[in-house]
Amino acid sequence: MAAKYREFQQLNLPAIETEILAKWTEHQAFEQSVSLREGATPFVFYEGPPSANGMPGIHHVISRTLKDLVCRYKTMQGFQVKRKGGWDTHGLPIELGVEKELGITKEDIGKTISVEAYNQKCREAVLRFKDKWDDITRKMGYWVDLNDPYITFKNEYIETLWWCLKRLHQKGLLYKSVSIQPYSPAAGTGLSSHELNQPGTYKDVKDTSVVAMFKAISTAQSAFLFEAAQMGSTLDAEVFYLAWTTTPWTLPSNLGLTVGPNIDYVLVKTFNPYTHLPVNVVLAQNLLGKYFKPEGENGDFAAYTAETKILPWTILTSFRGKALEGLRYEQLLPYEASTAEKSGGDPFRILLDTFVTTEDGTGIVHTAPAFGADDYKVGRKYGIGILTLVDREGKFVDGLGEFSNRFVKNYKDDPNYVDVNVDISVKLKKENRAFKVEKYEHSYPHCWRTDKPVLYYPLDAWFIKTTAIKDRMVELNKTINWKPKATGEGRFGNWLENMVDWNLSRSRYWGTPLPIWRTTDGNEEKCIGSIEELNTEIRRASEVLGGDINTHYLHDGILDLHKPYVDDVVLVSESGKPMYREPDLIDVWFDSGAMPYAQWGLDYEKLKAGDERPFKAPFDTNYPADFIAEGVDQTRGWFYTLHALGALLYDSVAYKTVVSNGLVLDKNGNKMSKRLGNVVDPFKTIETFGADATRWYLITNASPWDSLKFDLEGIREVQRKFFGTLYNTYQFLALYANVDGFAFKEAAIPLDQRPEIDRWILSSLNTLIKEVTAAFDDYEPTQAGRLVEDFVDEHLSNWYVRLCRRRFWKGDYSADKISAYQTLYECLETISRLIAPVSPFFADWLFGNLNGVTQRFTEGSVHHVLYPTADAAKIDPALEERMQLAQDASSLVLGLRKKVNIKVRQPLQRILIPVLDPVTKAQLLKVEDLVKSEVNVKEIQYLTDADGFIKKKIKANFQALGKRLGGKMKAVSAAIGNFSQADISRLEKEGSYSLEIDSEPLILQIHEVEITSEDIPGWMVSSKGSLTVALDVTVTPELEQEGNARELVNRIQKIRKDNGYDLTDRIQVKLGEAGSLAESIRQFGPYIKEEVLADELEMVDHLADGMPIEVNEKAIKVWVDKSSRA
RNA sequence: AGAUCCGUAGCUCAGCCUGGUUAGAGCACUACACUGAUAAUGUAGGGGUCACCAGUUCAAAUCUGGUCGGGUCUACCA
């Protein structure tokens, strides 16, 4: 017996997926999809490593769907796509997790728990949820190689990172410097930005803020200020710059004042409200209102006394910030520890920078390079040096007079603590150096462990000099295909433009150690690039330095490149001095950014040979990546570090195309968070709705880069609308193909021998292939998915199958029937291949069901066959156009029927279609039969102009006319609106028409207007676009009888079905008490018999056991039974 | 604070690049129809200040500038 198509009770996507998953596992379908393409052009994909110490969420499903579908698509296009998985295993989140679990803090590490034991814990925690990740990977159908993933904590991986660092070191791109970092004096440690982002670290606090007065020095350049001041006063004028701070303790370390180059500043004559001395002050114009009352402007200076409430003030001059650049001022708080010499630069000058705002303060920023990142940056730019007058405990250093050794904040919980900030303010007030002192409430970061305010403090750190190749990185970025484009140009482009050097240092424990050893004086250093190199150096140091040096590592060499082991190692410098490792770890982002190299590890042969790229195969054919994809939050993370390292190491991009997907929000548009309890469990979602429906929904609902409002209702819709329809279409084919034994054994019927509708759906199908391929090639899977959806729903199911249903169940196994089968089969088979990248399970299931019978492909899985290619010969635009006409015409007629309440089963005589041009008529003629049967009408008549029935409508063609006429459009449009039928005819006949607009002649061309038929007087009409149809609604007695017959057929069919007969069962029918229906039955008897597969149709006078039914409100009795004949 | 994306029907989204005169789908809702795909399907209907303001233009959902609201990233600094 021939193989049968599988038939099902109902669509059950999760069940299908379980079945397909088992098949994939059994046949190693993924491995095969790679090995089958051995020798083919590689398509290179990099997997961004997830961290397996947390559970996977639904947002992981979207980015992985994206990655998966591209890789599957490219595989089907004939490329070999290797997909090495990876795990990100270092970093703070892991450490914090372990600390929490053990109930310890960072200080305990090395004290209550050894670094060795701690790191062991981290190592165990790292892959805690690996099983869950593997599970979701499998269930969501993500094909990635999990058997041999790269793992960032492995020695081989770290070794490669070291090699990369060494290369940077050799290029002089690795340097040690201070940077301003958040620092907790109470805890004695720097804080990462991640730690600063812990909830609750930013608190509203009230600090003593002071507007300090920095005394200007008179020079040739600042003369304009002093001259202006002089004019307003007979006294020897003093000029002060006002600068605001909420951290007065930074004032002794002040070395500069920063102003905005384009901010407007004013010089104001007034009095110091504390000392009541006359002063001239500089501040931003916008901020005058903060310090001066409007009523005081140009007030009575002479009458001013200490009791005067309202300060008199007057503007002496104004100027841009630019004018102040380089001007000098007197140091505010000079002490022996804070001399210009100690600063190491040329301090006490006015600087320009754009970070200055006029939101608050004075528009002049007090700049202490040691205690602010912006301060540091601008300070460096101008070379004003640096003074760090606070030590790591948070107290002032010696040599600051009365402030020496006082804590700048109450870090020790001293009950007798006196706020040094207040004392500084008081001192300034007394010295005529404070303009305003007040408590100021603002949000300030606190250490999440000690609850004490954080300082920004200069700390030693290692940097990669990314700024050295900034221009090159910008240039290389321009060659990268960003999806969406704006992310690459905007977010990423700006980021590159404003790049700073990459701070590599992390003072933590679990991570890649910096492979740099230094002598204590810092004069000699060594960067180690491989395990072997380290072992050699270990032995050398032992020999040179002797003693106990490195004894543990002499025998087997170093076995683990992590802390604490590497810290034990002492190396020896060229001059014979001991060298110790720089204690920092490196930023985890370096780990992932170097994955193109480290995922393969070092090839020691190549290394020995001095290869520039000493990485194991298949690195050479797998760099750079053709494609990567991650969430948009990685723009400045992974996307950046990959790019930076590619450019730094090899002057190359690391990836050619990058897709950044947006965030997944909940259905109300809120971010998903555990706290809000609105997270979607990907396991549950996939179990309930199936991975395919989930994937399809994620991809088609919104462009990947738009943020997605995740709504389970949307998945349900996809399931019903798309997969349900496709499933039904397959069921339909299976049902009849099994009856007829269709297995695509016959030769394919040539296209020109197939009916119009078959050629049409095949034309549409090939158009679809073309468009879907273009969309995928452009990394627009959303477009691709929506195109397929439209085709399946609109074209295949709602038009082709609906119109062709009869062809499948009616009549013999004829050429026409075979053509229908072949056509529908080809559509389904092609769709299974088109959707395979997005919905891999259902596609393979559908493909398997079809191919299992026909064996048209030898491949066992849709993922091993090639992607369909469009056959241009099958595409016929005119055909697609006229089918659209047919659909529109049918829709119009059905609409008209509806209006007059004549059901479709009632045949009608004719419709009229006015045609104004012969092409449309020719097009309509070819689809006439389809329209007639769809709307159950006997004939179509075409009305041409000559008939004189048509009433026409004319409208200006704005697009064509607008260009030519411009301003006259309105008048012309109105004139055209007034055209009579005769005017229209004349225009049509002569091809042009003379108008007069604003007393100027104007020739109107025929192509500059649109003429449509609007009405046929006396008929029911309806139109859409340029198509108009009229319906003859007269039901003649003949038509009514035919309608009755069709209605009766319908009733008998229903009885057949209710009785559960097979499709092919023959029946016998008896009709009784036919009454007025008798004539219909007599006349259409043969038709009725054929339709209901009746061998006998008999009318009797009395039918005792007949079932009473109604046919068009006329009663009749029917008796149906299976025919006795076989 | 800066950068960026988004704002069109009750909901999810097209259309915007390339301006053109009835602004479209699907879901949901209502009514009707169909009934050999039937837990399917068709037709029709209601539903829109295209976030707001200004500009450019004969013409703006579409181009320009700004405002407001939402998301994200980067900062959080005087």
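We name chains A, B, ... by the order of the sequence lines, and we start the count at 1 in each one.
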Check your understanding: What is the distance from atom CD1 of A:Ile699 to atom CD of A:Gln783, rounded to the nearest 0.5 Å?
Key -> 12.0 Å
Exercise for review: Not counting sequence neighbours, which residues clear side-chain hydrogen bond (donor to acceptor under 3.5 Å, both in side chains) with A:Trp482? List them please.
Suggested key: A:Asn477
Review point. Could you write nucleotides 57-63 of chain B as a row of B, S and -, 5' to 3', where a protein heavy atom under 4.0 Å of any base atom gives B, of only sugar-phosphate atoms gives S, and otherwise -?
Key: -B-----
Study note, to complete from the structure: side-chain hydrogen bond (donor to acceptor under 3.5 Å, both in side chains) filter on A:Arg802, not counting sequence neighbours, yields A:Glu934
Check your understanding: Taking the P atom of each, how far is B:A59 from B:C13, in whole Å?
Key -> 34 Å
Exercise for review: Look only at the side chain of A:Asn957 and the backbone of A:Gln959, and say whether a donor-acceptor pair between them is shorter than 3.5 Å.
Suggested key: yes
Review point. Heavy atom of residues 727-740 of chain A under 4.0 Å from RNA chain B: which residues?
Key: A:Asn728, A:Phe732, A:Tyr736
Practice item. Have a look at A:Val801 and say if it touches a base, only the backbone sugar-phosphate, or nothing, with a 4.0 Å heavy-atom cut-off. Key: base
Revision key, fill the gap. Testing B:G36, B:A37, B:A44 for proximity to the side chain of A:Gln1053, the answer is B:G36
Revision key, fill the gap. Between A:Ser973 and A:Asp375, the residue closer to the 5' end of RNA chain B by nearest nucleotide is A:Ser973
Revision key, fill the gap. From CD of A:Glu1008 across to C1' of B:U21 the rounded distance in Å is 17 Å
Practice item. In whole angstrom, give the distance that lies between atom CG of A:Asp778 and atom C1' of B:C17. Key: 13 Å
**Study point:** Value rounded to 0.5 Å, distance of CG in A:Leu351 from CD1 in A:Ile364
**Key:** 11.5 Å
Exercise for review: Specify the separation, in whole Å, of atom CG of A:Asp207 and atom P of B:C77.
Suggested key: 11 Å
Review point. Are any of the side-chain heavy atoms of A:Trp589 and A:Tyr640 separated by less than 4.5 Å?
Key: no
Check your understanding: For B:G42, does OP1 or OP2 lie under 4.0 Å from any side-chain N or O of A:Asn798?
Key -> yes
Check your understanding: How long is the span from the CG atom in A:Leu11 to the CG atom in A:Leu13, to the nearest 0.5 Å?
Key -> 4.5 Å
Exercise for review: Could you state the atom-to-atom distance from CD of A:Glu934 to C1' of B:A33 in whole Å?
Suggested key: 13 Å
Review point. Nearest 0.5 Å, what's the CG-OG1 distance between A:Asp888 and A:Thr1028?
Key: 11.5 Å
**Study point:** side chain to side chain contact (heavy atoms under 4.5 Å, CB included) involving A:Asp353 - partner list, sequence neighbours excluded
**Key:** A:Thr258, A:Phe355, A:Val378, A:Lys381
**Study point:** Integer angstrom distance from the P of B:G7 to that of B:A14
**Key:** 8 Å
**Study point:** Partner set under side-chain hydrogen bond (donor to acceptor under 3.5 Å, both in side chains) for A:Glu771, not counting sequence neighbours
**Key:** none
**Study point:** Rounded distance in Å between the C1' positions of B:C77 and B:A61
**Key:** 41 Å
Exercise for review: Give a yes/no answer on whether the side chain of A:Ser891 brings an N or O atom under 4.0 Å of OP1 or OP2 in B:A44.
Suggested key: yes
Point to revise | Interatomic distance, A:Asn936 CG vs B:C34 P [rounded to whole Å] | key: 11 Å
Review point. Does a donor on one side chain sit under 3.5 Å from an acceptor on the other, for A:Asn254 and A:Tyr329?
Key: yes
Point to revise | A:Lys483 and A:Glu780: CA distance, side-chain angles, deciding distance, salt bridge (charged side-chain N to carboxylate O under 4.0 Å, His left out) verdict | key: CA-CA 9 Å; A:Lys483 298 300 286 191; A:Glu780 295 275 0; 3.0 Å; yes
Check your understanding: Which part of the nucleic acid, if any, lies within contact of A:Asn1050, taking any heavy atom under 4.0 Å across all strands shown: a base, the sugar-phosphate backbone alone, or nothing?
Key -> sugar-phosphate
Check your understanding: RNA chain B: A:His366 or A:Ala956, which has the more 5' nearest nucleotide?
Key -> A:Ala956
Exercise for review: Please confirm whether any donor atom in the side chain of A:Arg806 sits under 3.5 Å from an acceptor in the base of B:G36, or the reverse.
Suggested key: no
**Study point:** Any donor-acceptor N or O pair under 3.5 Å, side chains A:Trp696, A:Gln719
**Key:** no
Practice item. Please measure how far the C1' atom in B:C32 lies from the corresponding atom in B:G46, and state the result in whole Å. Key: 15 Å
Review point. Considering only the C1' atoms, how many Å lie between B:G26 and B:U64, rounded to the nearest integer?
Key: 34 Å
Check your understanding: Between the base of B:A37 and the side chain of A:Ser797, is there a donor-acceptor distance below 3.5 Å?
Key -> yes
Review point. Under 6.0 Å between the ring centres of A:Phe732 and A:Phe808?
Key: yes
Point to revise | Dot-bracket encoding per residue of RNA chain B, Watson-Crick/G-U cut-off under 3.5 Å, | denoting interstrand | key: (((((((..((((......[...)))).(((((.......))))).....(((((..]....))))))))))))....
Check your understanding: Given the C1' atoms of B:G69 and B:C53, what is the spacing between them in whole Å?
Key -> 15 Å
Review point. Can you name the side chain to side chain contact (heavy atoms under 4.5 Å, CB included) partners of A:Ala975, sequence neighbours left out?
Key: A:Leu995, A:Ile997
Check your understanding: Which nucleotides of nucleotides 10-16 of chain B have their base under 4.0 Å from a protein heavy atom (B), which only their sugar-phosphate (S), and which neither (-), written as one string 5' to 3'?
Key -> --SSS--
Check your understanding: What integer distance in Å separates A:Tyr376:OH from B:A75:P?
Key -> 18 Å
Check your understanding: With respect to the side chain of A:Arg802, which nucleotide from B:C77, B:U41, B:U43 is positioned closest?
Key -> B:U41
Exercise for review: In sequence, state the C-alpha distance, the side-chain angles, and the governing distance for A:Lys817 and A:Asp740, and then conclude on salt bridge (charged side-chain N to carboxylate O under 4.0 Å, His left out).
Suggested key: CA-CA 10 Å; A:Lys817 203 176 211 187; A:Asp740 284 322; 2.9 Å; yes
**Study point:** A:Leu1031 CG - B:U43 P separation (whole Å)
**Key:** 17 Å
Practice item. Could you work out the separation of B:C76 and B:G15 based on their P atoms and round it to a whole Å? Key: 38 Å
Point to revise | Distance, nearest 0.5 Å, that separates CG of A:Leu735 from CG of A:Asn738 | key: 7.5 Å
**Study point:** Rounded distance in Å between the P positions of B:A40 and B:A51
**Key:** 36 Å
Review point. Does A:Asp793 have any side chain to side chain contact (heavy atoms under 4.5 Å, CB included) partners at least two apart in sequence or in another chain, and if so, which?
Key: A:Lys721, A:Thr725, A:Asn798
**Study point:** Sequence-distant partners of A:Thr250, side-chain hydrogen bond (donor to acceptor under 3.5 Å, both in side chains), two or more places apart
**Key:** A:Thr247, A:His366
Please enumerate all protein N or O atoms sitting under 3.5 Å from an N or O of nucleotides 24-28 of chain B, with distances to 0.1 Å.
| from | atom 1 | to | atom 2 | distance (Å) |
| --- | --- | --- | --- | --- |
| B:G26 | O2' | A:Glu717 | OE2 | 3.1 |
| B:C27 | O4' | A:Glu717 | OE2 | 3.4 |

Exercise for review: Find the distance A:Trp249:CH2 to B:C77:P and express it as a whole number of Å.
Suggested key: 11 Å
